[in-house]
Amino acid sequence: MSESKTDYRATLNLPDTPFPMRGDLPKREPGWVAEWEDKGLYKRLREARCGREKFVLHDGPPYANGQIHMGHAVNKILKDMIVKSRQLKGLDAAYIPGWDCHGLPIENAIEKKHGRNLPRDEMQARSRAFASEQIQLQMADFKRLGVLGDWDHPYRTMDPVNEADEIRAFKRVIERGFVYRGLKPVYWCFDCGSSLAEFEIEYADKKSQTLDVAFEADQPARVLDAFGLSGDAAGSGPVFMLIWTTTAWTIPANQALNLNPEIVYALVETPRGRLVVAESLVEKCLARYQLEGRVLATVPGEKLAGLEFRHPLYDVDPGYRRLAPVYLADYATAEDGTGIVHAAPAYGVDDFNSCVAHGLPYDGILNPVQGNGSYAPDFPLFGGQNIWKAVPVIIEQLRQAGRLFATEGITHSYPNCWRHKTPVIYRAAAQWFIRMDEGEGVFTRDKAPEPLRQTALAAIEQTRFFPENGKARLRDMIANRPDWCISRQRSWGVPIPFLLHRDSGELHPLTLEILDLAAEMVQAGGIEAWSKAGAEEILSRVGAGADAPDYTKSTDILEVWFDSGTTHTTVLRGSHAGAGHANGPEADLYLEGHDQHRGWFHSSLLTACAMYGRAPYRGLLTHGFTVDSQGRKMSKSLGNGVDPQETSKKLGAEIIRLWVAASDYSGDIAGDDKILARVVDGYRRIRNTLRFLLANVSDFDPARDAVPLAEMLEIDRYAMSRAARFQLDVLSHYELYEFHPVVAKLQVYCSEDLGAFYLDVLKDRLYTTAPKSHARRSAQTALWNITHAMLRWMAPFLSFTAEEAWKLFGNSDSIFFETYAEIGAPDDALLARWERLRGIRDVANKEVEALREQGAVGSSLQARLVITAGPDDHALLASLGDDLKFIFITSAVELRAGDALAVRAEASPDTKCERCWHWRPDVGRDAAHPTLCGRCVSNLFGAGEDRRHA
């Protein structure tokens with residue numbers, strides 16, 4: 001064969017790998033999911049880590065209703081990344097996925113499909129079936145996202161064992177002295193038909209009518225005496241006390257007026273009568289009423305206590321012929337309005353507390369608003385009317401009665417049901433509460449040493465927060481929250497298994513025994529077993545059957561936040577006890593959206609503190625909401641949502657995972673098609689780097705070919721040291737549950753540390769030296785170790801890709817059986833030496849690039865460098881000898897001594913080698929190979945070139 005036809009390209013060690021450039025993720029990911037499931041990967045991982053230190057991330061249960069959205073995906077992927085990062089650390093990192101199954105949204109779904117007022121048995125049966133269907137749908141979507149967990153044995157709050165353990169948890173809270181029954185105003189949603197907890201409330205703007213309403217003095221002379229007025233000085237006309245309110249619907253239920261004892265009130269003579277308002281508000285009030293007036297006298301509020309005023313509709317209907325006494329209360333202020341608060345004790349906490357404190361009996365509290373939002377049918381003037389629709393009717397009645405002094409529309413922040421997004425009211429109802437402060441509970445046997453609020457605040461101080469500002473948010477909520485109303489008037493939920501005396505309403509003396517029985521019944525047959533049992537059967541089973549005629553079953557259920565809030569005991573100490581820590585109920589971490597400071601974090605803290613005196617978690621991590629690129633929360637109504645199912649089909653779940661990992665979850669997480677497109681680009685860069693690494697170790701067997709660290713070329717040792725430093729950085733971030741810095745740094749590592757430097761320098765040695773040469777095997781040793789380390793770094797978030805690449809090393813099992821690679825400790829001196837070399841290289845690259853732009857050279861190999869350097873840099877560069885040119889990827893480097901660094905690039909006068917593309921003076925010296933340089937001849941046919949540094 002003639003020399004001209006020799007194919008020297010065939011003599012190069014060109015990279016080769018079955019790892020494709022295109023991941024084809026949408027088509028291939030389902031296969032990996034199926035493989036994990038078929039091989040029982042999660043169970044085998046648990047067996048492999050059995051006996052190791054545990055890490056417990058307790059899953060906050062999503063609600064079993066509706067297709068998952070991107071917010072669910074963010075939450076589950078974050079949890080998965082954390083669990084996998086701890087698994088790779090070598091810990092026994094269990095993950096038990098769970099679902100919240102009881103509660104109103106499911107009842108609403110059943111009512112929409114089958115109608116309202118279903119029998120309790122039918123509602124429970126249909127709700128259980130519906131929740132089961134929803135769980136299967138959501139589970140499939142979570143698996144598709146690459147989330148590893150015990151999907152064969154998830155927890156569900158509706159599982160009979162968990163329902164039973166919830167009753168046992170409730171009993172424990174009772175025994176500790178925290179549960180009591182009380183008549184109190186609680187948030188009430190007409191759409192729910194039930195009371196709401198504080199953390200089921202959100203605020204939104206609402207349009208309302210303000211009203212200034214006059215209450216006429218029943219005995220005007222007493223009012224004048226209180227102001228010290230008589231004769232002509234007392235003025236003339238009727239005497240009114242003016243109130244200002246934004247809730248016209250509460251006026252019909254007024255029972256008192258509240259004044260602040262320290263505020264000064266004025267009696268003002270006007271053409272419409274003598275008016276009592278706060279002195280500091282006289283001018284504003286008269287302007288609002290469009291009246292002229294003069295102040296007759298002033299007195300502090302305490303002087304007006306006990307005076308009585310007639311209801312504004314006193315003369316309109318006999319049903320309103322009652323008097324409103326003046327009570328003194330600090331919550332009345334002179335910031336706006338009139339400085340006087342009208343009290344409808346059934347519809348406001350402050351009103352209620354004031355009236356009860358002044359002697360109004362519970363059975364004397366007017367409560368005409370029914371659970372559906374309408375006044376009772378027999379309520380005077382407004383019977384049967386919806387309270388919101390009755391507002392203009394009430395205003396008109398007050399106007400006709402001459403008691404309306406002003407009204408205008410305003411927009412103000414108002415509490416709404418967070419499920420229905422509709423306004424709620426405070427409504428007095430007999431409910432079961434968990435007490436936050438000192439007080440007596442029912443059937444206390446093992447009284448807690450401290451009030452619940454105090455215990456919970458202390459527990460917060462022992463908890464780590466990620467981010468830290470979550471601590472103040474939760475602390476403020478606990479510090480200021482009222483007692484927790486835990487009873488609901490619904491069907492689909494864990495019962496409050498009480499028997500109440502028909503006349504007195506008192507609990508049966510054997511209540512604690514009844515609770516034990518209820519737990520047994522529910523564990524055997526679900527909540528349905530309790531629902532179907534009658535009072536006689538229940539009392540007979542505790543030896544009190546004779547009491548049955550005098551007692552009736554409570555139909556209340558525990559609110560759904562008590563369900564999920566007790567999963568620290570019903571799951572981690574009950575149904576999945578092996579998944580928790582053996583020495584206590586605490587999980588290492590709870591992770592949810594930041595709205596759960598008022599939700600699951602909150603209810604879990606209170607129940608655990610009530611039961612055990614400590615928090616159920618050691619750490620709390622919160623993430624933001626998913627928003628579009630404009631910062632708007634993703635929603636169907638805005639049409640700006642990114643659907644996880646469609647994204648998985650189009651781009652792959654791996655792209656969603658990388659998007660989540662790359663986002664700073666401490667704030668809101670922005671995503672749309674453009675943002676995901678950038679994530680795809682980032683994924684390709686990582687994948688291409690990985691492909692290069694895999695391709696260049698395809699013929700490398702570490703058992704046979706590995707070069708000891710001390711014998712590796714210097715740049716290879718530097719690359720290993722740089723990887724070791726990077727791994728320390730990665731693991732420090734993982735320790736703090738931080739992923740976006742890892743993604744950002746990994747992309748920089750791939751593009752700059754590897755792609756733009758080490759791999760760039762390495763190509764010549766990998767491709768041109770002899771396949772089994774020390775120089776090539778040294779490089780491959782570094783690449784093999786770096787690849788192994790890198791796959792573990794990325795496995796928590798790029799799980800599918802890491803698993804795919806891992807199999808190419810001949811592994812039949814999952815990468816998640818591994819731990820982080822052992823790649824030694826970083827060599828600080830070596831790192832510093834090569835960082836300076838890279839700095840000098842950057843200067844040289846600019847000079848070469850300028851030469852390229854002038855058209856003087858094509859590739860950098862056509863250039864030669866003349867480097868003038870000061871003593872330190874000169875010594876550094878000189879130490880690399882002939883290998884210096886490989887670091888600069890030029891064909892020659894001339895080194896000169898000088899005072900400061902200076903680099904000049906020029907075109908090489910030499911000839912280009914056909915095989916290695918270096919421009920060298922020795923090309924053609926071997927007559928048998930006239931197109932090759934001396935190093936290529938040596939590498940192909942001789943002993944091979946001597947490479948020591950690069």
Side-chain angles (χ1 to χ4, degrees), residues 185 208-220 222-223 237-259 272-277 289 304 306-327 329 332 337-338 340-348 350-352 354-356 358-370 373-407 425-428:
S208 298
Q209 285 294 119
T210 67
L211 284 77
D212 286 77
V213 180
F215 287 68
E216 185 176 5
D218 186 56
Q219 298 181 46
R222 288 187 60 200
V223 179
V239 176
F240 296 113
M241 191 165 275
L242 271 293
I243 67 93
W244 179 90
T245 183
T246 60
T247 54
W249 61 269
T250 63
I251 293 290
N254 172 270
Q255 292 188 270
L257 298 170
N258 282 285
L259 281 70
R272 290 191 64 177
R274 291 168 286 183
L275 315 180
V276 179
V277 296
Y289 308 154
L304 304 176
L307 297 175
E308 293 181 314
F309 291 78
R310 296 175 180 177
H311 192 282
L313 301 175
Y314 186 93
D315 296 324
V316 178
D317 188 283
Y320 294 99
R321 286 188 184 157
R322 61 178 182 269
L323 302 179
V326 171
Y327 297 147
T338 65
I340 301 162
V341 178
H342 106 85
Y347 307 119
D350 290 329
D351 295 357
F352 179 90
S354 175
C355 289
V356 170
H358 285 88
L360 182 65
Y362 287 152
D363 58 7
I365 292 175
L366 293 173
N367 193 4
V369 179
Q370 299 180 308
S374 296
Y375 292 111
D378 59 351
F379 190 59
L381 297 178
F382 314 108
Q385 296 184 48
N386 175 276
I387 63 167
W388 307 123
K389 294 180 179 178
V391 166
V393 182
I394 294 169
I395 291 174
E396 185 56 32
Q397 287 283 3
L398 292 169
R399 181 181 285 111
Q400 291 180 14
R403 297 296 182 261
L404 183 67
F405 271 56
T407 180
I425 68 166
Y426 272 114
R427 178 173 178 265

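Computed over heavy atoms, backbone and side chain alike; hydrogens, waters and symmetry mates excluded. This one's a predicted model, so the numbers in the text were calculated from it and none came from an experiment. For this chain, numbers begin at 1 and follow the sequence in order.
Looking at Val341 and Tyr327, their side chains never come closer than 4.5 Å, going by heavy atoms from C-beta outward.
Put simply, CD on Gln219 and CG on Leu323 are 8.5 Å apart, with the number rounded to the nearest 0.5 Å. Distance check, rounded to the nearest 0.5 Å: OG1 of Thr210 to CD1 of Ile395 gives 8.5 Å. Here the CD1-OG distance, from Ile387 to Ser374, works out to 8.5 Å after rounding to the nearest 0.5 Å. With rounding to the nearest 0.5 Å, the separation of CG in Asp351 from CG in Leu360 is 11.0 Å. For the atom pair Ile340 CD1 and Leu275 CG, the distance stands at 9.5 Å (nearest 0.5 Å). The distance from atom CD1 of Ile394 to atom CD of Gln209, rounded to the nearest 0.5 Å, is 12.0 Å.
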Before you tell me yes or no, could you show the steps for His342 and Val213 under side-chain contact (heavy atoms from CB on, under 4.5 Å), namely the whole-Å CA-CA distance, both residues' side-chain angles and the distance that decides it to 0.1 Å? CA-CA 9 Å; His342 106 85; Val213 180; over 6 Å; no
Decide side-chain contact (heavy atoms from CB on, under 4.5 Å) for Asn254 and Phe215; before the verdict, give the C-alpha distance in whole Å, the side-chain angles of both, and the deciding distance to 0.1 Å. CA-CA 10 Å; Asn254 172 270; Phe215 287 68; 3.3 Å; yes
Should Leu404 and Leu211 be marked as a side-chain contact (heavy atoms from CB on, under 4.5 Å) after you check the CA-CA gap, both sets of side-chain angles, and the distance that decides it? CA-CA 7 Å; Leu404 183 67; Leu211 284 77; 4.1 Å; yes
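A pairwise comparison of heavy atoms in Ala256 and Cys355 identifies CB-SG, 3.9 Å as the closest pair. The two residues Gln370 and Pro377 make their nearest non-hydrogen contact at NE2-CD, 3.7 Å. Taking both residues in full, the closest heavy atoms of Leu257 and Ala324 are given as CG-CB, 4.2 Å, listed atom of the first, atom of the second, then distance. Taking all atoms of both residues into account, the shortest heavy-atom contact from Pro380 to Tyr320 is O-OH, 2.7 Å.
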Identify every side-chain donor-acceptor pair in residues 239-248 under 3.5 Å, counting partners at least two apart or on other chains, and give the distances.
from	atom 1	to	atom 2	distance (Å)
Thr245	OG1	Thr247	N	3.0
Thr245	OG1	Thr247	OG1	3.0
Thr247	OG1	Thr250	OG1	3.1

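Note: Trp249 and Trp388 have perpendicular aromatic rings, judged against thresholds of 30 and 60 degrees for the angle between ring planes. Using cut-offs of 30° and 60° for the angle between ring planes, the Phe379 and Tyr375 rings count as parallel. Using the six-membered ring where Trp is involved, Phe352 and Tyr362 have ring planes that are parallel, under 30° apart on the 30 and 60° scheme.
Residue pairs that meet the side-chain hydrogen bond (donor to acceptor under 3.5 Å, both in side chains) test with at least one member in residues 393-405, sequence neighbours left out, are Glu216-Arg403, Glu396-Arg399, Glu396-Gln400. Screening residues 308-319 for side-chain hydrogen bond (donor to acceptor under 3.5 Å, both in side chains) gives Asp218-Arg310 as the qualifying pairs, with residues at least two apart or on separate chains.
Contacts of Asn386 classified as side-chain hydrogen bond (donor to acceptor under 3.5 Å, both in side chains), with partners at least two apart in sequence or in another chain: none. Looking at residues two or more places apart in sequence or on another chain, you find a ring-ring contact (aromatic ring centres under 6.0 Å, His included) between Tyr289 and Phe405. Asn258 meets the side-chain hydrogen bond (donor to acceptor under 3.5 Å, both in side chains) test with Tyr331, Ser354; sequence neighbours excluded.
A donor-acceptor pair under 3.5 Å is formed between the side chain of Arg427 and the backbone N or O of Val369. A distance-only check finds no donor-acceptor pair linking the side chain of Gln255 to the backbone of Pro325 [under 3.5 Å].
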